[in-house]
There are 2 protein chains.
Amino acid sequence: MMTITGLDATDIEILKLLQKDALLTNKEISFKLRKSIATIHERIRRLKEQGYINRVVALLDRTKIDKSLIAFSQVLLNGHTANTLYQFEQEVVKFPEVMECFQMTGTFDFLLRIATRDMDAYHHFYRNKLATLPNITSIQSFFVLSETKSDTAYPL
Amino acid sequence: MMTITGLDATDIEILKLLQKDALLTNKEISFKLRKSIATIHERIRRLKEQGYINRVVALLDRTKIDKSLIAFSQVLLNGHTANTLYQFEQEVVKFPEVMECFQMTGTFDFLLRIATRDMDAYHHFYRNKLATLPNITSIQSFFVLSETKSDTAYPL
DNA sequence: GTTGAAAGACCTAGTGA
DNA sequence: TCACTAGGTCTTTCAAC
């Protein structure tokens with residue numbers, strides 16, 4: 001097994017479990033890993049304190065909350081000064097439709113993950129919000145047809 | 001405010017809060033929304049039962065668990081029969097490095113989100129796992145330089 | 001749908017081994 | 001690391017509005 005600096009096998013197992021289901025009680029985890037509740041409690045406290053666990057969130061069913069369309073949009077800017085990049089980032093993260101924004105290597109500068117109700121709503125976002133930002137050379141959009149796998153858990 | 005079938009303003013506010021921080025107690029939520037604890041408890045029970053809340057997970061700091069490199073890889077297959085698509089999906093989701101797999105519209109078939117330790121590990125995954133799957137015409141990989149925004153919360 | 005109250009489960013910190 | 005303890009907090013249920 002790949003080891004991670006500062007973590008032993010018990011820590012790894014705890015992280016694996018909590019990545020899948022953070023509602024597990026210390027009692028349940030202690031039973032699964034055959035350790036005492038006090039041990040599990042202390043481990044989790046340390047994992048949070050040291051920043052291994054960032055936060056705990058609820059994941060929603062996007063089809064039930066009217067966000068049925070996910071787009072990945074590749075954005076190319078017409079300049080790569082620190083200021084141009086910074087300004088784009090500052091503005092694009094303000095849009096609630098933008099769930100993720102990554103600066104990327106390769107043939108475009110930013111990759112955005114955008115959630116909207118439908119194609120009409122995406123079109124509106126595109127024309128009235130995204131495309132109005134300065135210094136954009138091109139935006140290329142790809143749409144999710146189906147989710148085959150959708151994990152927030154990292155392989156451990 | 002955009003309304004969602006079956007949810008009132010209180011439900012929406014609860015979902016907003018839990019998407020950001022699922023460790024909020026019913027007590028804290030009831031205080032924020034000026035409702036009784038029992039009401040909040042009943043609403044959350046219903047939201048889970050009806051599938052609005054899929055699950056609750058811990059999000060880890062990927063730099064601390066040795067998954068510093070995130071790649072987005074665009075895969076194009078050399079055939080689009082139902083069987084070819086299905087076989088690719090069946091195999092690719094088995095790789096633990098693949099966190100997300102989407103079938104897409106446009107100039108490629110699948111978009112993969114891949115987490116590895118570093119470029120060496122990605123290379124190994126690419127050569128020994130991904131590229132060995134049948135019916136692949138091309139794989140184009142893009143790497144994350146920096147995360148400007150990284151949300152799991154949908155806009156509500 | 002909402003409420004307050006009551007009982008039970010769990011968390012958390014402490015001790016000593 | 002563990003077992004045990006005890007106090008405090010939260011969850012969960014329920015009768016009543």
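For the numbers below, each heavy atom of this structure counts, side chains included, while hydrogens, waters and symmetry mates do not. Reminder, nothing fancy here: chain letters follow the sequence lines and each chain counts from 1.
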- prompt: Parallel, tilted or perpendicular: which fits the ring planes of A:Phe142 and B:Phe108, with parallel below 30° and perpendicular above 60°?
  reply: tilted

query: Will you find, in the side chains of A:Ser141 and A:Ser73, an N or O donor that is under 3.5 Å from an N or O acceptor?
result: yes

Dump the pairs, protein N or O against N or O of nucleotides 12-15 of chain C, anything under 3.5 Å, distances to one decimal.
{"residue": "C:dT12", "atom": "OP2", "partner": "A:His41", "partner atom": "NE2", "Å": "3.4"}
{"residue": "C:dT12", "atom": "O5'", "partner": "A:His41", "partner atom": "NE2", "Å": "3.4"}

task: Rounded off to whole Å, could you give me the CG-to-P distance for the A:Leu23 and C:dC10 pair?
output: 13 Å

query: Please give, in whole Å, the distance from D:dT1 P to A:Ile40 CD1?
result: 9 Å

query: Taking CD1 from A:Ile29 and P from D:dC2, how many angstroms apart are they, rounded to a whole number?
result: 14 Å

query: Nearest-Å distance, CZ (B:Phe31) to C1' (D:dC10)?
result: 17 Å

- prompt: Expressed in angstrom and rounded to an integer, what is the separation of A:Glu42 atom CD from D:dA3 atom C1'?
  reply: 16 Å

- line: Ranking C:dC10, C:dG1, D:dA3 by distance to the side chain of B:Arg46, first place goes to C:dG1

task: Describe, in one word, how the ring planes of B:Phe88 and B:Phe110 are oriented to each other, choosing from parallel (under 30°), tilted (30 to 60°) and perpendicular (over 60°).
output: tilted

query: Is the distance between the ring centroids of A:Phe143 and A:Tyr122 under 6.0 Å?
result: yes

message: Of the listed nucleotides (C:dC11, D:dC2, C:dT3), which one gets closest to any side-chain atom of A:Thr25?
response: C:dC11

- request: Please name the residue in the list A:Leu60, A:Leu59, A:Asn54 that meets the side-chain contact (heavy atoms from CB on, under 4.5 Å) test with A:Val57.
  value: A:Leu59

- request: Select from A:Leu24 and B:Lys35 the residue whose nearest nucleotide in DNA chain C is closer to the 5' end of that strand.
  value: B:Lys35

Whole-Å distance separating the NZ atom of B:Lys27 from the P atom of D:dT12: 16 Å

message: Do A:Thr148 and B:Glu89 pair up side chain to side chain, a donor and an acceptor below 3.5 Å, judged on atom types alone?
response: yes

